Amino acid sequence: MFGIYAPGTDVARVAFFALYALQHRGQESAGIATSDGVSAAIHKDMGLVAQVFTEDDLSKLEGHLAVGQTRYSTTGSSHLRNAQPYLIETMHGPLGVGHNGNLTNAPQLRNQLLERGVGLTSSTDSEVITQMLAAPAPGTGNGLPDWEARIGNFMAEAEGAYSLVVLTRDAVFGVRDPHGFRPLCIGRLEDGGYVVASESCALGTVGASFVREVEPGEIIRLDKEGMHSVPGPVAPEPALCVFEYVYFARPDSVFEGQTIHRVRQRLGEVLAAEAPADADLVVGVPDSATPAAIGYAIASGIPYTEGLIKNRYIGRTFIMPGQQERRKSVRQKLNAIDLEFKDKNVLLVDDSIVRGTTSQQIIQMARDAGARKVYFASAAPPVRYPNVYGIDMPAASELIANSRSVDEIQELIGADKLIYQDLHGLIRSVRHDNSSISDFDTSCFSGEYVTGDVTDDYLDALEAKRNDAAKQRLRARQRKDSGDTGETTNVIAL
Ligand code: AMP
């Protein structure tokens with residue numbers, strides 16, 4: 001997610017390069033909306049950033065304000081109508097919204113909008129946010145173009161995870177929910193102007209210097225006056241999603257003063273101290289587990305080697321919708337160098353085990369390559385619970401660790417020994433350099449959800465929705481195989 005206010009700059013091009021740097025955060029669709037203070041333009045489509053935008057598309061995106069987003073679906077389905085940003089016309093000019101996260105009270109907010117006569121065209125909570133900003137409830141400043149107040153009113157109603165970029169006629173806003181589940185930072189451009197980005201790795205790419213992170217609960221306004229902060233409600237328990245550290249963020253990004261790469265390396269070091277393995281070699285599962293594998297190797301003294309090679313041109317396995325595609329793509333993505341494995345006892349290190357698809361296949365690959373014993377380490381604790389704050393892993397039944405012991409998982413994935421980080425080790429690794437940094441959302445490991453609305457009923461409904469989405473995807477695939485694209489059918493799963 002990215003936002004920019006920079007008169008005299010080709011903001012669409014800057015947004016394009018920033019989204020390119022943030023591609024890892026979403027691979028289904030990409031979009032940029034711009035405004036010149038009078039009118040607005042948007043271009044979005046399914047696919048990777050480089051596939052979505054041509055020179056011609058960028059040249060049509062005029063203006064000095066822009067917001068952009070790369071999306072992957074968590075609750076809404078993978079379809080163009082759900083692509084972001086949303087851009088609509090309001091009484092007070094254009095309104096563009098990019099959202100990273102997941103509102104846990106989206107169904108209630110959705111119903112409130114529908115009851116007020118506001119129509120919705122997609123199944124996403126992001127459209128709900130857009131309409132809540134465009135059409136605030138009566139008595140909450142409906143007639144005023146006071147976007148800060150509207151955003152504040154939205155924040156008072158919303159539960160769950162949301163980092164937002166908002167484009168209006170003359171300002172760009174960056175917003176972080178009171179818990180700060182998802183990251184957002186501010187950068188300053190050399191030639192004047194400001195940007196907000198999900199991760200600091202995008203700042204260097206566009207020649208911006210890091211100013212600071214948007215605080216949990218804070219609204220940042222970027223306009224002709226520069227940068228302005230509106231402190232908002234802050235939750236008693238700040239809760240940056242710890243999975244950002246484990247897997248999601250790019251290793252060169254910095255959160256709360258900590259470089260992700262360093263944290264991941266420490267995860268490996270801590271694991272080596274707590275769970276030694278009698279291996280000849282440590283092999284990381286590229287790319288996200290490489291730092292943890294290096295950390296394990298350094299701390300244990302076991303040599304590290306790159307025994308698995310990744311095809312850099314294939315997308316993130318997990319983000320591919322559909323288990324069948326996921327299974328195929330592990331093989332397409334990774335290949336073993338036989339010589340490295342032959343007759344060795346190997347410790348494979350991955351950042352996490354979610355469904356177990358990857359680990360099972362990689363272990364088999366290592367055996368096929370001639371390994372004698374294959375040990376497997378997860379730098380994160382067992383993922384036992386759904387993530388409801390914006391990471392795509394909501395259905396408990398899909399998680400290999402949900403109702404299994406470590407021994408059972410070990411057997412299922414076919415490892416000679418399975419090692420998991422414990423939660424304490426994870427927290428210690430993240431907090432190491434700065435013990436005063438905030439608490440984390442660890443719900444997918446601990447089952448403790450900091451927003452009270454995540455009840456068993458909520459989780460059951462989410463599981464049902466996911467199963468429905470999987471069926472829809474299957475039907476769409478069958479239609480595609482039979483030559484019917486079904487593009488004219490817009491099913492909105494409520
Ligand atoms: P799985 O095969 O389902 O166990 O997935 C585990 C692999 O997916 C690990 O190698 C991780 O690097 C990666 N992964 C973990 N969580 C996610 C996520 N939420 N989105 C995308 N990839 C993930």
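Remember, predicted model here, so these are calculated numbers, not experimental data. We number each residue from 1, following the sequence as shown. Whatever order the structure lists them in is the order used to number ligands and atoms, beginning at 1.
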Could you tell me, atom by atom, which parts of ligand 1 come under 4.0 Å of a heavy atom of [X]?
X: Thr357; value: 1 (P), 2 (O), 4 (O)
X: Ser288; value: 12 (O)
X: Ser352; value: 6 (C), 9 (C), 11 (C), 15 (C)
X: Ile391; value: 19 (N)
X: Asp350; value: 9 (C), 10 (O), 12 (O)

- prompt: Can you tell which of Asp287, Val246, Thr358 gets a heavy atom nearest to atom 5 (O) of ligand 1?
  reply: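 That would be Thr358.
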
message: With a 6.0 Å cut-off (strictly less than), is the heavy-atom count around CD of Glu274, excluding the residue itself, greater than 12?
response: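 Buried by this count: over 12 neighbours within 6.0 Å.
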
message: I'd like to know if the side chain of Asp125 reaches the main chain of Leu103, judged simply by a donor and an acceptor atom lying under 3.5 Å from each other, with no hydrogens or angles considered.
response: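 Between the backbone of Leu103 and the side chain of Asp125 there is a qualifying donor-acceptor contact (under 3.5 Å).
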
field: Lys44 charged N/C atom sitting above Tyr86 aromatic ring, 6.0 Å / 45°
entry: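 The answer is yes, since Lys44 meets both limits relative to Tyr86.
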
query: Hey, does Ile353 sit under 4.0 Å from ligand 1 if you only count heavy atoms?
result: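 Distance cut 4.0 Å: Ile353 passes for ligand 1.
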
query: Does at least one non-hydrogen atom of Phe243 fall below 4.0 angstrom from an atom of ligand 1?
result: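 It does, in that a heavy atom of Phe243 comes within the 4.0 Å cut-off of ligand 1.
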
- prompt: Under 4.5 Å between any side-chain heavy atoms of Leu399 and Arg384, yes or no?
  reply: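 Not in contact.
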
message: Does any part of the side chain of Asn100, heavy atoms only, come nearer than 4.5 Å to the side chain of Arg25, both counted from C-beta?
response: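 A side-chain contact under 4.5 Å exists here.
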
- prompt: So is Phe248 polar-close to ligand 1, meaning N/O to N/O under 3.5 Å?
  reply: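 No.
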
- request: Report the relative orientation of the aromatic rings in Phe248 and Tyr72; use parallel for angles under 30°, tilted for 30 to 60°, perpendicular for over 60°.
  value: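 It falls in the tilted class, 30° to 60°.
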
